[in-house]
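First the structure, in the form of structure tokens, and then the observations on it.
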Protein chains: 2
Amino acid sequence: MEVKIMSDEQQKLARYAKALGHPVRVYVMQLLGQQSCCYSGDLSEELPIAKSTLSQHLKELKDAGLIQGEIEAPRIKYCVNKENWSEAQELFKTFFRI
Amino acid sequence: MEVKIMSDEQQKLARYAKALGHPVRVYVMQLLGQQSCCYSGDLSEELPIAKSTLSQHLKELKDAGLIQGEIEAPRIKYCVNKENWSEAQELFKTFFRI
DNA sequence: AAAATTGTTCGTATTTTTGCGAACAACGAA
DNA sequence: TTCGTTGTTCGCAAAAATACGAACAATTTT
């Protein structure tokens, strides 16, 4: 896309949508919606994927801005990034005009 | 995911999100939201991508169930797949609890 | 029938995503 | 300080996504 046709909103929406484009990542966000925070280990026990794979999915969500990690040694506490979550919420709300 | 942990809802949401995970596809859906139908040619004029690339994106949206094509020779009229759009709407609404 | 229009499909190349296990780093506990 | 716990990063491999132009198919127009 050398010439920019897409609006920033569309770019952002696509970015968030992409981050939510995998069942594991939807699962994580849904869990965080219920309890607002969780540890990678908790997820690792529930999900039938390798630790390293989970770590990558969490990184994806982090890179997309949907979650943030906080060191709580020796673990890492993952929480929803509320600011960006709200943004995503608004974007999807508008997109689906709901 | 040989052992199914994810719910159908989560799988579906991820599927729709994935389909929306590209700016061009967001653009198309947003246009269809405004005018409900459009032709590939219209899009091709506005978007700085090759016809074949656009065709692939439309196929993605079709495969995800978000749009449907109707032959109106020599063109193809693309419309929102209302049933699935509603489903996606509901899924995202619930997901974002909005 | 020949030519033009519309859009898909094919072939190809590049990049990104997904996934795993092994190795590593950081930290608390023994 | 050594050992366990926790989670990331590395190295690799396979699959999927992105993108293009050329070729093709279907239909309408000339």
Side-chain angles (χ1 to χ4, degrees), chain A residues 1-6 10-11 13-29 31-32 37-79, chain B residues 1-6 10-11 13-29 31-32 37-79:
Chain A
M1 221 74 38
E2 63 276 345
V3 180
K4 189 173 162 189
I5 296 292
M6 308 301 156
Q10 284 164 338
Q11 299 273 3
L13 183 61
R15 184 73 188 84
Y16 286 130
K18 192 174 181 179
L20 296 173
H22 191 287
V24 165
R25 298 198 292 266
V26 168
Y27 180 91
V28 171
M29 292 312 298
L31 190 77
L32 288 180
C37 285
C38 74
Y39 299 95
S40 179
D42 305 347
L43 297 168
S44 198
E45 281 173 34
E46 303 170 52
L47 299 174
I49 56 174
K51 272 192 313 168
S52 55
T53 303
L54 174 60
S55 194
Q56 269 186 82
H57 283 303
L58 292 172
K59 182 166 161 26
E60 288 268 324
L61 289 172
K62 206 162 42 175
D63 289 349
L66 289 173
I67 64 172
Q68 57 202 162
E70 193 186 325
I71 295 170
E72 204 173 85
R75 300 183 294 174
I76 294 180
K77 188 169 74 171
Y78 282 105
C79 305
Chain B
M1 220 75 38
E2 62 276 344
V3 180
K4 189 172 159 185
I5 296 293
M6 308 301 157
Q10 284 164 338
Q11 300 272 3
L13 184 60
R15 184 72 189 85
Y16 286 130
K18 193 174 181 181
L20 295 173
H22 191 287
V24 165
R25 298 195 294 264
V26 169
Y27 179 91
V28 172
M29 292 313 296
L31 190 77
L32 288 181
C37 285
C38 74
Y39 299 95
S40 179
D42 305 346
L43 297 167
S44 198
E45 281 172 35
E46 303 171 51
L47 298 172
I49 57 174
K51 274 192 313 170
S52 54
T53 304
L54 174 60
S55 193
Q56 267 184 85
H57 283 301
L58 292 173
K59 182 167 160 29
E60 287 269 323
L61 289 171
K62 206 163 43 176
D63 289 350
L66 289 174
I67 63 172
Q68 55 201 164
E70 191 187 326
I71 296 170
E72 204 172 84
R75 300 183 296 176
I76 295 178
K77 188 169 75 173
Y78 281 105
C79 304

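Naming: A, B, ... by sequence-line order, numbering from 1 per chain. Owing to the predicted nature of the structure, the values given are computational and were not obtained by experimental measurement. The basis for the numbers below is simple: all heavy atoms, side chains too, and nothing from hydrogens, waters or symmetry mates.
The distance from atom CD of B/Glu72 to atom P of C/dT6 is 13 Å, rounded to the nearest whole Å. Separating the NE2 atom of A/His57 from the P atom of C/dT16 is a distance of 18 Å, rounded to the nearest angstrom. Rounded to whole Å, the distance from CD1 on B/Ile49 to P on D/dC20 is 7 Å. For the pair A/His22 NE2 and C/dT17 P, the computed distance is 12 Å after rounding to whole Å. Atom CD1 in B/Ile71 sits roughly 10 Å away from atom P in D/dA26 (whole-Å rounding). Rounded to whole Å, atom P of D/dA17 lies 14 Å from atom CG of B/Leu20. Spacing between atom CD of B/Glu45 and atom P of C/dT5 amounts to 13 Å, rounded to whole angstrom units.
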Practice task
Please assess A/Leu66 against A/Glu60 for the test side chain to side chain contact (heavy atoms under 4.5 Å, CB included), listing each intermediate value before the final yes or no.
Solution key: CA-CA 9 Å; A/Leu66 289 173; A/Glu60 288 268 324; over 6 Å; no
Exercise for the section: Show your working on side chain to side chain contact (heavy atoms under 4.5 Å, CB included) between A/Ile76 and A/Ser40 and close with a plain yes or no. Expected result: CA-CA 7 Å; A/Ile76 294 180; A/Ser40 179; 5.9 Å; no
Handout entry: Stepwise side chain to side chain contact (heavy atoms under 4.5 Å, CB included) test for B/Val28 and B/Leu58
Key = CA-CA 8 Å; B/Val28 172; B/Leu58 292 173; 4.0 Å; yes
Practice task
For B/Asp63 and B/Arg15, run side chain to side chain contact (heavy atoms under 4.5 Å, CB included): C-alpha distance rounded to whole Å, both residues' side-chain angles, the deciding distance at 0.1 Å, then the answer.
Solution key: CA-CA 10 Å; B/Asp63 289 350; B/Arg15 184 72 189 85; 4.0 Å; yes
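For the pair B/Ala14 and A/His22, the tightest heavy-atom approach, listed with the atom from each and the gap, is CB-C, 3.6 Å. A/Arg25 and A/Ala19 make their closest contact through NE-O, 2.7 Å (heavy atoms, listed as atom of the first residue, atom of the second, distance).
In this structure, A/Gln10 CD and B/Leu31 CG are separated by 9.5 Å, a value rounded to the nearest 0.5 Å. Annotation: the span from B/Arg75 atom CZ to B/Asp42 atom CG amounts to 6.5 Å, rounded to 0.5 Å. One distance of note links SG of A/Cys79 with CD1 of A/Ile67; it measures 9.0 Å at 0.5 Å rounding.
Considering only side-chain atoms of B/Lys18, the nucleotide from D/dT18, C/dC20, D/dA16 that sits closest is D/dA16.
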For nucleotides 7-10 of chain D, list the nitrogen or oxygen atoms of the protein found under 3.5 Å from its nitrogen or oxygen atoms, one pair per line.
unit_1, atom_1, unit_2, atom_2, d
D/dG7, OP2, A/Gly41, N, 2.9
D/dG7, N7, A/Lys51, NZ, 2.7
D/dT8, OP1, A/Tyr78, OH, 2.1
D/dT8, OP2, A/Ser55, OG, 2.5
D/dT8, O5', A/Ser55, OG, 3.1

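When the local axes at the two ends of the helix from C/dA1-D/dT30 to C/dA30-D/dT1 are compared, using 5 base pairs at each end, they differ in direction by 10° after rounding to 10°.
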